[in-house]
Amino acid sequence: MENEMLIPVILAGVFTAMAVVGVATKKGFFARLGYFLFGGMVMTFNLLGLAAGEGGMAEIMSIGMFACQTIIMYPWVPEEVDFSHEAIRTLALRLTTTVFIINATATWLILTMPDFPQLLAFFHGILAIIMLMRIAMVLKGGVTKT
């Protein structure tokens, strides 16, 4: 791994772990915070690369994708969300599917770029799997809180 990728890889690992711990402990705030910080980190490092004159279309696309994730996964939500309401359930499915697509696409992109540390694809894969689990929970009706 190249030295300039060391800090992003470490941060990605920390933020992925935060999301996993949030899911495991059923603390939605920490899960959302992990996704939020992960998206913000990806945007920041891609913007820094563009400002340094490195990168191109892949970086611009990544900034756009992870801006969406960062907005969607803003950590604070109202405490009481009624997932039995059809509109709330539909919105939850749409947002969760969007975050799944973002991370699944990032996984694929990283695997096709040999210059990137492949460990990053693993982190994105974990985040995508968490969203698949969330989709299954919403469809099954097992979500009672955010």
Side-chain angles (χ1 to χ4, degrees), residues 1 4-50 55-146:
M1 176 176 4
E4 69 262 6
M5 290 301 290
L6 185 60
I7 292 173
V9 169
I10 291 170
L11 288 173
V14 169
F15 299 148
T16 301
M18 185 182 299
V20 169
V21 168
V23 170
T25 60
K26 297 184 179 180
K27 304 248 187 256
F29 175 80
F30 293 108
R32 288 186 303 275
L33 183 61
Y35 278 89
F36 176 79
L37 293 173
F38 195 109
M41 182 225 22
V42 171
M43 287 181 359
T44 301
F45 281 102
N46 280 303
L47 284 168
L48 289 172
L50 284 174
M57 275 315 233
E59 285 73 17
I60 293 169
M61 184 178 68
S62 183
I63 291 167
M65 286 178 7
F66 285 94
C68 294
Q69 175 172 307
T70 303
I71 292 165
I72 291 169
M73 298 307 283
Y74 182 73
W76 186 86
V77 296
E79 287 299 317
E80 297 298 322
V81 178
D82 182 10
F83 282 96
S84 64
H85 192 279
E86 189 62 30
I88 300 291
R89 189 167 170 240
T90 300
L91 184 59
L93 283 171
R94 289 177 182 173
L95 294 174
T96 304
T97 302
T98 302
V99 175
F100 164 75
I101 290 169
I102 289 167
N103 284 285
T105 302
T107 301
W108 175 77
L109 284 172
I110 290 169
L111 290 175
T112 62
M113 294 186 216
D115 298 342
F116 259 67
Q118 300 300 293
L119 184 58
L120 291 173
F122 179 70
F123 295 147
H124 284 290
I126 290 171
L127 295 175
I129 290 168
I130 290 172
M131 288 295 111
L132 276 179
M133 291 169 29
R134 181 80 173 172
I135 290 168
M137 288 172 56
V138 170
L139 287 173
K140 187 176 108 179
V143 178
T144 57
K145 46 191 268 195
T146 58

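FYI, the numbering just counts along the sequence from 1.
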For residues 11-25, run the donor-acceptor check on the side chains, cut-off 3.5 Å, and write out each pair with its distance to 0.1 Å, sequence neighbours left out.
unit_1, atom_1, unit_2, atom_2, d
Thr16, OG1, Ala12, O, 2.8
Thr25, OG1, Val21, O, 2.7

Determine whether Gln69 and Thr98 make a side-chain contact, defined as any pair of heavy atoms from C-beta on separated by less than 4.5 Å.
-> no
If we only count heavy atoms from C-beta on, is the Met131 to Leu127 side-chain gap below 4.5 Å?
-> no
Parallel, tilted or perpendicular, as decided by the 30° and 60° cut-offs, for the rings of Phe38 and Phe66 | tilted
Gap between atom [atom2] of [Y] and atom [atom1] of [X] - 0.5 Å precision:
X      : Y      : atom1 : atom2 : value
Thr44  : Leu37  : OG1   : CG    : 10.0 Å
Leu48  : Glu59  : CG    : CD    : 12.0 Å
Leu119 : Met5   : CG    : CE    : 10.0 Å
Gln118 : Phe116 : CD    : CZ    : 10.0 Å
Arg89  : Arg94  : CZ    : CZ    : 12.5 Å
His124 : Ile126 : NE2   : CD1   : 11.0 Å

Could you pull out the closest heavy-atom pair between [X] and [Y], with the gap in Å?
X      : Y     : result
Pro117 : Val9  : CG-CG2, 3.9 Å
Phe36  : Thr70 : CD1-O, 3.2 Å
Pro75  : Phe29 : CB-CE1, 3.4 Å

Considering residues, nucleotides and ligands other than Leu50, do more than 12 of their heavy atoms fall under 6.0 Å from its CG?
-> yes
Worked check of side chain to side chain contact (heavy atoms under 4.5 Å, CB included) between Trp76 and Arg32 = CA-CA 8 Å; Trp76 186 86; Arg32 288 186 303 275; over 6 Å; no
For Ile72 and Tyr35, run side chain to side chain contact (heavy atoms under 4.5 Å, CB included): C-alpha distance rounded to whole Å, both residues' side-chain angles, the deciding distance at 0.1 Å, then the answer.
-> CA-CA 9 Å; Ile72 291 169; Tyr35 278 89; over 6 Å; no
Given side chain to side chain contact (heavy atoms under 4.5 Å, CB included), test Arg134 with Val99 step by step and report yes or no.
-> CA-CA 11 Å; Arg134 181 80 173 172; Val99 175; over 6 Å; no
Any donor-acceptor pair under 3.5 Å from Glu86 side chain to Ser84 backbone = no
Contacts table for residues 104-111: side-chain donor-acceptor under 3.5 angstrom, sequence neighbours left out:
unit_1, atom_1, unit_2, atom_2, d
Thr105, OG1, Ile101, O, 2.7
Thr107, OG1, Asn103, O, 2.8
Thr107, OG1, Gly125, N, 3.2

